[in-house]
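Structure first, then comments.
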Amino acid sequence: MKIVLLGPPGAGKGTQADVLVKKLFVPHISTGDMFRAAISSGTPLGVEAKGYMDKGQLVPDEVTVGIIADRIAQPDCREGFLLDGFPRTLAQAEALDKLLAGLGGLDAVINISVPLDKLIVRLTGRRMCRDCGNIYHLLYNAPEKEDVCDSCGGQLYQRADDCEETVKNRLDVYEKQTAPLIEYYTRQGVLKTINGDQQINAVLAELGDALGQHWG
Ligand code: ADP
Ligand code: AMP
C-alpha cells in the first residue's frame with residue numbers, strides 16, 4: 001500500500017504512523033525525521049535544512065523531492081510505504097505523481113483534521129525521545145517518568161520548532177502551501193478525511209476504517 005498521511009503540524013501524523021506501519025508492514029517515511037537525522041549527523045543536508053526548519057519554513061522542493069526519490073527507490077519500499085509530512089506543496093505532490101507513474105499511483109491519502117486552537121496546544125506540549133524518536137505530550141500522552149522515554153529510557157526533549165512563535169509560522173505555512181493539497185487529492189479521488197480531534201486510539205480506529213482494515 002502506498003499511503004500519504006496529510007494534515008497540519010500537530011494533527012497526529014507521526015503518532016498514528018508509528019502504530020500503522022507495524023500493522024501494515026510498510027516503512028514509515030517522515031521527511032521531518034529524515035531532516036532531523038541529517039541535522040544530528042551534521043551532514044550538508046542537515047545544515048541546509050536546519051536554516052529553514054528553525055524559522056518554521058519549508059525546505060526547498062528540489063531538496064525534499066530528491067531525498068524522497070532516493071528513499072522510495074530503496075528495496076524495502078517495493079511493497080509500499082507510509083509517507084508522513086510529504087508532500088507539503090503542490091510541486092511536491094506533482095513530483096510524487098511522476099515518481100509513482102507506472103507503479104499504480106497512491107492507494108490512499110488520509111487527511112487528519114484537527115481545529116487550529118488544539119494544534120497549538122498539541123505542538124507546544126509535544127516532547128520527543130532523543131534516542132528512539134517516540135512522541136509524547138505533556139498532557140495527552142505523558143511519559144510515566146518526567147523527561148524519560150517509556151520505551152527506551154532515552155531523554156525527552158522539546159523540538160526547537162515547537163516554541164509558540166515558530167508554531168504559528170508553521171501553521172501559516174500549512175494554510176498557504178499544504179492545505180491546497182486537500183483539493184488536489186480530492187480531485188484525484190484518493191482523499192479521505194478523518195477526525196483527528198479524538199483520543200489517539202479512536203483516531204487509529206477511524207484510520208483503519210478509512211484504509212479498509214479491520215483491526216478489532
Ligand atoms: P504531527 O506528526 O502531525 O506533527 P504528532 O503525531 O507529533 O503530530 O502529534 C503532535 C502532538 O500531539 C504530540 O505531542 C502527540 O503526543 C499529541 N497527539 C497526537 N495525537 C493526539 C490525539 N489524538 N489527541 C491528543 N494529543 C495527540
Ligand atoms: P515535521 O517533522 O513533519 O513537523 O517537519 C519539521 C520541519 O521539517 C518542517 O517545518 C519543514 O521545515 C521540514 N519539512 C518536513 N517535511 C517537509 C516537506 N515535505 N517539505 C519541506 N519541508 C519539510
Side-chain angles (χ1 to χ4, degrees), residues 3-18 28-40 45-68 71 82-96 109-130 133-141 156-185 191 193-198 200 203 207:
I3 302 165
V4 167
L5 289 187
L6 195 65
K13 300 180 297 296
T15 300
Q16 296 299 330
D18 283 339
H28 173 191
I29 303 179
S30 154
T31 35
D33 286 348
M34 290 163 92
F35 289 135
R36 280 184 288 278
I39 292 172
S40 297
L45 170 69
V47 173
E48 180 174 5
K50 189 174 183 327
Y52 296 99
M53 290 168 80
D54 283 351
K55 292 186 223 135
Q57 295 169 355
L58 296 183
V59 178
D61 287 334
E62 317 80 78
V63 176
T64 311
V65 168
I67 65 165
I68 282 292
R71 182 64 189 88
L82 181 66
L83 290 174
D84 155 14
F86 181 93
R88 257 175 154 104
T89 64
L90 281 171
Q92 291 179 15
E94 284 161 6
L96 180 62
V109 177
I110 310 289
N111 176 36
I112 307 180
S113 172
V114 175
L116 182 73
D117 54 329
K118 305 251 170 108
L119 295 172
I120 296 175
V121 179
R122 283 194 187 185
L123 290 167
T124 52
R126 174 161 60 187
R127 296 293 182 273
M128 309 262 298
C129 175
R130 245 182 232 295
N134 247 23
I135 304 165
Y136 295 89
H137 191 279
L138 293 180
L139 302 175
Y140 309 132
N141 189 17
L156 304 189
Y157 76 104
Q158 181 173 29
R159 275 170 47 175
D161 60 350
D162 276 346
C163 63
E164 195 160 343
E165 184 69 19
T166 312
V167 159
K168 288 190 175 144
N169 285 343
R170 289 163 63 206
L171 292 171
D172 268 359
V173 165
Y174 167 80
E175 282 303 331
K176 293 197 182 95
Q177 303 199 53
T178 310
L181 297 186
I182 294 174
E183 198 195 322
Y184 180 85
Y185 286 121
L191 189 95
T193 294
I194 64 164
N195 175 17
D197 186 15
Q198 46 184 340
I200 291 172
V203 178
L207 249 170

query = Counting distance only, does the side-chain N/O of Gln177 pair as donor-acceptor with the main-chain N or O of Val173 below 3.5 Å?
reply = no
task = Measure the OG1-CD1 distance between Thr193 and Ile182 for me, rounded to the nearest 0.5 Å.
result = 6.0 Å
ask   = Does a side-chain N-to-carboxylate-O contact under 4.0 Å join Asp162 and Arg170?
value = yes
query = From Ile39 CD1 over to Glu48 CD, what is the distance, rounded to the nearest 0.5 angstrom?
reply = 11.0 Å
query = Does any N or O in the side chain of Lys13 come within less than 3.5 Å of the main-chain N or O of Gly7, such that one atom is a donor and the other an acceptor?
reply = yes
note = dist Gln16:CD -> Ile135:CD1 (nearest 0.5 Å) comes out at 9.5 Å
task = Measure the shortest side-chain to side-chain distance between Met53 and Arg159 over non-hydrogen atoms and say whether it is less than 4.5 angstrom.
result = no
ask   = Ile29 and Arg71: which non-hydrogen atoms are nearest, and at how many Å?
value = CD1-CG, 3.7 Å
Check: Leu83 and Ile68 side chains under 4.5 Å, non-hydrogen atoms = yes
inquiry  = Quick check for you: to the nearest 0.5 Å, what is the distance between Tyr136 atom OH and Arg126 atom CZ?
reply    = 14.0 Å
query = side chain to side chain contact (heavy atoms under 4.5 Å, CB included) between Tyr52 and Leu58: does it pass, once the steps are laid out?
reply = CA-CA 6 Å; Tyr52 296 99; Leu58 296 183; over 6 Å; no
message = Please report the interatomic distance CG(Leu6) to CD1(Ile194), rounded to the nearest 0.5 Å.
response = 11.0 Å
query = His137 side chain to Val121 main-chain N or O, any donor-acceptor pair under 3.5 Å?
reply = yes
request  = Would you indicate whether the side-chain heavy atoms of Val4 and Leu96 approach each other to under 4.5 Å?
outcome  = yes
ask   = Distance-only, no hydrogens or angles: does the Arg122 side chain make a donor-acceptor pair with backbone N or O of Ala11 under 3.5 Å?
value = yes
